[in-house]
Amino acid sequence: MTVHIYNSQTKQKEVFKPIQAPHVGMYVCGITVYDYCHIGHARVMVCFDMIVRHLRSRGYDVKYVRNITDIDDKIIQRAIENGESTQTLTERFIKAMHEDEAALNVLRPDVEPKATEYITQITDMVQTLVDKGFAYAAANGDVYFRVEKFADYGKLSGKRIEELQSGARVDVNEQKESPLDFVLWKASKPDEPHWSSPWGEGRPGWHIECSAMSKHTIGEHLDIHGGGHDLQFPHHENEIAQSECAHGHTYVNTWMHVGFVNVNNEKMSKSLGNFFTIRDVLKSYPAEVIRFFLLSSHYRNPLNYTTENLDNARAALRRLYGALDGVKLVTPAANLVSQWTDAYNAVMDDDFNTPQAFAVLFDLATEVNKAKATKDQYLAGQLAQLLVSLGNQLGILTSEPSAFLQGGIATDGLSEADIQAKIEARLAAKKAKDFTQADSIRNELKSAGIEILDTPQGTTWRRI
RNA sequence: GGCCGGAUGGUAGAGUGGUUAUACACUUGAUUGCAAAUCAAUGAAUCUCGGUUCGAUUCCGGGUCCGGCCUCCA
């Protein structure tokens, strides 16, 4: 009955207790918009979409905020390379991101704040930190956070200040008092986008935007804060430092981090160059298959990107749609609803265990198929409706079964009318007991990627 | 070097101190003109060495291997 969530900070599953139930404030770090989203980005989007959907289905009134970083070094650099303004660059990729998300059936967050729209709130927070002695302006106009002033620094990532210092993989920068200090406000170079501030013309550092935007969209104290696993340090650690020093109290109750998408057991990332963009993969696989694939392992575990795994996701989805195919949906009886939704909720309440949720769907599909076989169409219709409803909670099973099964990626060049004509011809041959001819037509279609199924309801087809 | 996570059947991927995950693939039976789909049955795994325990894949410790963070990264 209660939702349990794994908290990255305490490293254990905890009972989820919102600060002001049923309201839940959830902030997720979105992407920096200077390029197309890849499958790793897609995983974060889809996972938190799944999480919001489930929390809402459990009665929580979630305010879901996911930011857009639309100003930073890479954006500036890319805009210069392209000979365009940062604004036209970011607008283009924000649009692309929204298209990709829509394809993957990701619901839009309630608020998508952009860093450039919160400059005042950002400089206000920097000023507070300066006033309280947690930050200082350097000679060049940069403002830095004084890490050693925050005793709890490292509590999220399990790092210790002393060890970080000896690690010494930090930039040497004579503007900083300490190498660990991080930038809150960056003085702008000529030609760079800039905003005025008490410390001169400049732009926000990366970490501060999330502290400021979460405060102004949700509040100073968040129920859930999430993002990709790589953001745990330093980004989220720095957010904690900024927010807790500025506000004087706890910033986040539950930290959630989504595991990486790997390629050959290595993290998919821009810098390694081993990434696949969402829109590229969409050319080869239906969006629903990608979504299923992304949810097929637990959100915290690594997920290996391979065509084999995508093919497997497609095959699994075909089984579910195969069960739904040809069944007329009817409202399920209350006892059936509770039996199956209880099973579903039990595993989803346990830290959003989507692989087990899928197992429930497959069990349900088996029951649908059994009911179909025993000609109990009413039972089949009820179970199928449950399967659709639960699948929809995960953002899948949103297509017409026949559309999904016949959709595929068409390479055969046959129109539906062509296929239908062949099926008619084969049926005629069958009726005439000319099985050689019938089989020859079926084989012909099969080599074109079309599979014929003779069912009690008649002959149907699907793409292999 | 510091910190963290992981090793499960052919593949993917969960749970569990003793009892079926689930999916794909494989085998057999039913069904079918033959198929496909479906149902049924079967086969198939818990990295290694110790410890705790009546009993460990599960808990604890060592080892090996893999990955991540410590610099921008979802």
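Chain naming here is simple, since letters A, B, ... match the order of the sequence lines and numbering starts at 1 in each.
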Heavy-atom side-chain contact between A/Asp454 and A/Ile452 under 4.5 Å:
yes
Nearest whole angstrom, please: distance from the P of B/A37 to the CZ of A/Arg442.
11 Å
How far does the P atom of B/A25 sit from the matching atom of B/A36, given to the nearest Å?
11 Å
Find out whether A/Ser402 and A/Thr460 are in side-chain contact, i.e. whether some heavy atom of one side chain is under 4.5 Å from a heavy atom of the other.
no
Phosphate OP1/OP2 of B/A14: any A/Asn301 side-chain N/O under 4.0 Å:
yes
Within the modelled atom types, does a donor on one side and an acceptor on the other bring the side chain of A/Lys159 and the base of B/C69 under 3.5 Å apart?
yes
C1' gap between B/U52 and B/G9, integer Å:
28 Å
What interatomic distance, in whole Å, is found between C1' of B/C49 and the corresponding atom of B/A37?
49 Å
Identify the nucleotide, in any strand shown, that forms a Watson-Crick or G-U wobble pair with B/G33, with both distances under 3.5 Å; if there is none, say none.
none
Does A/Asn353 put a side-chain nitrogen or oxygen below 4.0 Å from OP1 or OP2 of B/A14?
no
Suppose you measure atom C1' in B/U8 against the same atom in B/A40; what distance do you get, rounded to whole Å?
27 Å
Watson-Crick or G-U counterpart of B/C72, or none if no pair lies under 3.5 Å:
none
Ignoring backbone atoms, establish whether A/Lys372 has a side-chain N or O less than 4.0 Å from OP1 or OP2 of B/A37.
no
Check: B/A74 base within 3.5 Å donor-acceptor of A/Arg43 side chain:
no
Identified pairing partner of B/G50, criterion: Watson-Crick or G-U wobble below 3.5 Å:
B/C60
Work out how far the C1' atom of B/G51 is from that of B/G15, and round it to whole angstrom.
25 Å
Heavy-atom distance under 4.5 Å between the side chains of A/Lys270 and A/Tyr34, does that happen here?
yes
Complement of B/U22, any strand, by Watson-Crick or G-U distances under 3.5 angstrom
B/A12
Searching all strands shown, indicate the nucleotide that pairs with B/G67 (Watson-Crick or G-U wobble; both distances under 3.5 Å).
B/C4
Re B/U27: Watson-Crick or G-U wobble partner, both distances kept under 3.5 Å, found to be B/A41
Pair of N/O donor and acceptor under 3.5 Å linking B/C72 base with A/Lys74 side chain:
yes
Between B/C34 and B/A21, how far apart are the P atoms? Round to whole Å, please.
34 Å
Ring centre gap for A/Tyr144 and A/Phe182 strictly below 6.0 Å
no
